[in-house]
Amino acid sequence: DAGVIQSPRHEVTEMGQEVTLRCKPISGHDYLFWYRQTMMRGLELLIYFNNNVPIDDSGMPEDRFSAKMPNASFSTLKIQPSEPRDSAVYFCASTVGYTYNEQFFGPGTRLTVL
Amino acid sequence: AQTVTQSQPEMSVQEAETVTLSCTYDTSESDYYLFWYKQPPSRQMILVIRQEAYKQQNATENRFSVNFQKAAKSFSLKISDSQLGDAAMYFCAYSSYLTGTASKLTFGTGTRLQVTL
């Protein structure tokens with residue numbers, strides 16, 4: 001298995017632009033998580049899905065952030081409009097619900113908003 | 001809400017020596033999972049070891065072992081025979097135990113481990 005795939009690996013954009021991050025979970029995994037990593041706040045959960053349905057989006061910072069999972073093999077995290085404080089590494093992770101909850105992480109997307 | 005605390009921002013160990021990374025957590029739940037993840041410079045998060053709270057036996061994975069003290073809410077990671085490749089950021093993480101479902105991970109702030117020759 002190729003593991004969790006994220007694209008792009010790096011994204012540099014200007015303030016006010018729309019940014020879309022993409023994630024392909026491991027085949028057969030029914031949970032997908034989006035985390036954000038910053039120096040100030042560490043690793044924090046933004047949102048997670050079960051069987052493509054959002055379960056907990058309480059970590060989404062504000063309305064500028066939105067996430068979708070249109071099918072079992074694809075999810076997006078969109079920021080519109082982007083701001084410099086959104087600069088961070090965004091991780092996607094997936095797991096299977098009936099296991100001990102080991103989450104498999106993608107390589108992350110480093111977002112820089114100028 | 002659960003919290004995870006790693007009080008050692010940085011640690012250093014000589015190659016082939018043993019080092020212990022500390023982690024404490026706060027929870028009112030009786031069943032849960034604890035994890036140690038490793039994040040090397042490549043930034044890929046890699047699971048090192050896990051512990052189920054209902055198991056009294058400490059988990060072991062090759063050179064990595066944990067000291068799980070449930071009453072003290074302590075979960076330390078011991079790395080034996082340290083290797084240069086062990087140099088990384090190590091995160092302690094907590095997740096609730098929910099039968100048949102998954103839950104989010106709550107991470108500590110991390111400990112940066114240096115391995116010297």
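Just so we're on the same page: letters track the sequence lines, and every chain starts at 1.
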Original post:
Would B:Arg43 and A:Phe105 count as a side-chain contact (heavy atoms from CB on, under 4.5 Å) if you check the C-alpha gap in whole Å, the side-chain angles of each, and the deciding distance to 0.1 Å?
Top reply: CA-CA 10 Å; B:Arg43 80 169 180 246; A:Phe105 283 75; over 6 Å; no

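Distance check: A:Phe104 CZ to B:Gln44 CD gives 11.0 Å after rounding to the nearest 0.5 Å. A:Glu102 contributes atom CD, which lies 5.5 Å from atom OH of B:Tyr37 (distance to the nearest 0.5 angstrom).
Proximity to chain A is limited to the side chain of B:Gln39, based on heavy atoms less than 4.5 angstrom apart. Residue A:Glu44 does not touch chain B at all, counting heavy-atom pairs closer than 4.5 Å. The parts of A:Arg110 that come within reach of chain B are both its backbone and its side chain, each placing non-hydrogen atoms under 4.5 angstrom from that chain. For chain A, the nearby parts of B:Ser103 are the backbone and the side chain; heavy atoms of each come within less than 4.5 Å. Contact annotation for A:Leu43: both backbone and side-chain heavy atoms come within less than 4.5 Å of a heavy atom of chain B.
Taken together through direct or relayed side-chain contacts under 4.5 Å among Ile, Leu, Val, Met, Phe, Trp and Tyr, B:Leu34 and B:Leu21 form part of one hydrophobic cluster. Both B:Ile79 and B:Val66 belong to a common hydrophobic cluster when Ile, Leu, Val, Met, Phe, Trp and Tyr are linked at side-chain heavy-atom distances under 4.5 angstrom. Hydrophobic clustering, with ILVMFWY side chains joined whenever heavy atoms are under 4.5 angstrom apart, keeps B:Met89 apart from B:Val115.
Closest approach of A:Gln37 and B:Phe91 over heavy atoms only: NE2-CZ, 3.4 Å.
Within a 6.0 Å radius of NZ in B:Lys70, other residues, nucleotides and ligands contribute more than 12 heavy atoms. Atom NZ of B:Lys38 is surrounded by more than 12 heavy atoms from other residues, nucleotides or ligands within 6.0 Å. Counting heavy atoms of neighbouring residues, nucleotides and ligands inside a 6.0 Å radius, atom CZ of B:Arg112 does not exceed 12 of them. Under a cut-off of 6.0 angstrom, the local environment of CZ in A:Arg41 is sparse, with at most 12 non-hydrogen atoms contributed by other residues, nucleotides or ligands.
Inter-residue side-chain proximity for A:Tyr35 and B:Leu105 is flagged as met; some heavy-atom pair is nearer than 4.5 Å.
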